[in-house]
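Fair warning: this is a prediction, and the values are worked out from it, not measured in the lab. FYI, side chains are in, hydrogens and waters are out, and symmetry mates aren't considered; it's all heavy atoms of this structure. Protein chains get the first letters and strands the later ones, always in sequence-line order, with residue 1 at the start of each.
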Protein chains: 2
Amino acid sequence: MSIQRQTLREQIEAEIMNRVSAGDFGMGDSINEVALSVELGVSRTPLREALISLSQQGVISRVSGKGFRWAPIGAQDFQEAVQIIAALESLALTLTPAEYLAKIAPQLVEQAREFTASVSSAQEIHDHDDAFHSLLTSGSPNKRLAEGIASYKLALRRYERLYVGNTDLMERAAAEHETISEALQAGDVPAAIEALKDNWNNSVPRIISALRGSVPVRG
Amino acid sequence: MSIQRQTLREQIEAEIMNRVSAGDFGMGDSINEVALSVELGVSRTPLREALISLSQQGVISRVSGKGFRWAPIGAQDFQEAVQIIAALESLALTLTPAEYLAKIAPQLVEQAREFTASVSSAQEIHDHDDAFHSLLTSGSPNKRLAEGIASYKLALRRYERLYVGNTDLMERAAAEHETISEALQAGDVPAAIEALKDNWNNSVPRIISALRGSVPVRG
DNA sequence: ACCTCCAATTCTGTATACAGTATACTGAAT
DNA sequence: ATTCAGTATACTGTATACAGAATTGGAGGT
């Protein structure tokens, strides 16, 4: 396997997203390009390119002449993204050949069970959730769809830290994963899709309440 | 209404898309940044920013170290985009309040009828189609969804010129628009959604046959 | 005290310059 | 004749420089 060259712009994107999900930036605040470029140790050119790329994905908003700013987060925004992802993942399931779904159903069941059993660190839990949904939609022949789902999920990373410590939410998600995978194992794709939508939509009220408490309000 | 300042990058994006839908570029060909910047009369910096933005939307693909290239078009690509748009517009309808749909239903019926009557220039027809779908999804409260739909439709502009002269396709689309709007007027949203999906999916085989004939193959 | 206008500064948007990598070409060796 | 190495060229990726707009601060007036 050849080593994959990574351009500076891509590294900047990744680093910014890491810091975003760590909560390093005040959402809604404007971005000072020179300050950020100095902080990251790069010049403004690749930084701006990264910011433009991220602004296409809803992580950053931009006003002509006034530069970039961290896109505000909120209940509305979260819900909108979740609605879209739910629809797109549902589409992915619809497009996936039934035999593929039947093939991966056992693995999905197993992953869901592991998920329930191991209530470990928040990061670990999140990875587990990602892996489940990733495997679930891995059989879709629509490549552009996969990219789109990934893009929208990137926007959700801004809400990642709100999950921390919310084991309640995670346990419920685990149960829903079991429902999804068992429906697939039974060959009932429509039921799986419904369960999948529920899985996403149920995350909304929890995050909303988490938002009320823990999000720093701009001053 | 204040005039809206438009940054050079945005103008470049628009101009590129105009040329793309005019078929000025050989799809699949690599992009020479300096040549294109000279041709557009701008420097490479805003051009690259525009290219990055467009590459996020599937109009341009990019290989690390080898620069940008015009994303190849083809039956597969077209179908993938259409599947996604159909799902997203369906979601938009689902999210739109029923009373709003009832309110715009008469206008939609009227637009559909006009559509059928006036089989004028290809451009005009296309605008009509755009206006119909735009009005249809205008009631969705999900702003991000609207952006997403617009983004995916941008990618379809690469196929625009294939519609030229295909009045057959357009007449059929008109009939489908009537079906959709009449279902809404009858208050049957699920039926409208199904008709909407059909409307999109029916465009695929037509475009595929058009692709076979009229797309220049790389040499 | 508050408002207005002007200046100074800060920051974005754009252009140009530089560096490193990929590609094309030339020539020699087998 | 073909293939491989070496070199030259072209182009991308990144840094720096410049121009103009937006914001901030203060001086002067009401």
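For A:Lys66 and C:dG13, the shortest distance from a side-chain N or O to OP1 or OP2 is not below 4.0 Å. Put simply, B:Arg48 has a side-chain N or O that comes within less than 4.0 Å of OP1 or OP2 on D:dG13. The phosphate of D:dT14 (OP1 or OP2) has no side-chain N or O of A:Thr45 nearer than 4.0 angstrom. Side-chain N/O atoms of B:Arg62 include one lying less than 4.0 angstrom from OP1 or OP2 on D:dG13. Taking 4.0 angstrom as the limit, A:Thr7 places a side-chain polar atom (N or O) nearer than this to OP1 or OP2 of D:dT14.
In this structure, of D:dA15, C:dA15, D:dT12, it is D:dT12 that holds the atom nearest to the side chain of B:Arg44.
Across the protein-nucleic acid pair, B:Gln6 atom CD and C:dG13 atom P stand 13 Å apart, rounded to whole Å. Here D:dT12 presents its P atom at 10 Å from CG of B:Leu36, a figure rounded to the nearest Å. D:dG13 atom C1' lies 9 Å from atom CG of A:Leu8, rounded to whole Å. Atom CD1 of A:Ile12 and atom P of D:dG13 are 13 Å apart (whole Å). Rounded to a whole Å, the CD atom of A:Glu10 is 14 Å from the C1' atom of D:dT14. When rounded to the nearest whole Å, the span between CZ of A:Phe68 and C1' of C:dT12 equals 9 Å. With rounding to whole Å, B:Leu51 atom CG is found 10 Å from D:dG13 atom P.
When the nearest nucleotides of DNA chain D are assigned to B:Asn32 and A:Glu49 by heavy-atom distance, the more 5′-ward of the two goes with B:Asn32.
Electrostatic pairing of B:Lys153 and B:Glu89 counts as a salt bridge here, judged by a charged N lying under 4.0 Å from a carboxylate O. Classification of B:Arg172 and B:Glu176 as a salt-bridged pair holds, one side-chain N sitting under 4.0 Å from a carboxylate O.
Using modelled atom types, no side-chain atom of B:Asp77 and backbone atom of B:Ile73 make a donor-acceptor pair closer than 3.5 Å.
A centroid separation of less than 6.0 Å is found between the aromatic rings of A:His133 and A:His177.
Shown here for A:Ser53 and B:Ile52, the closest heavy-atom pair between the two residues is CB-CG2, 4.2 Å.
Residue contacts shown for B:Leu47 are absent, as no nucleic acid heavy atom lies under 4.0 Å away.
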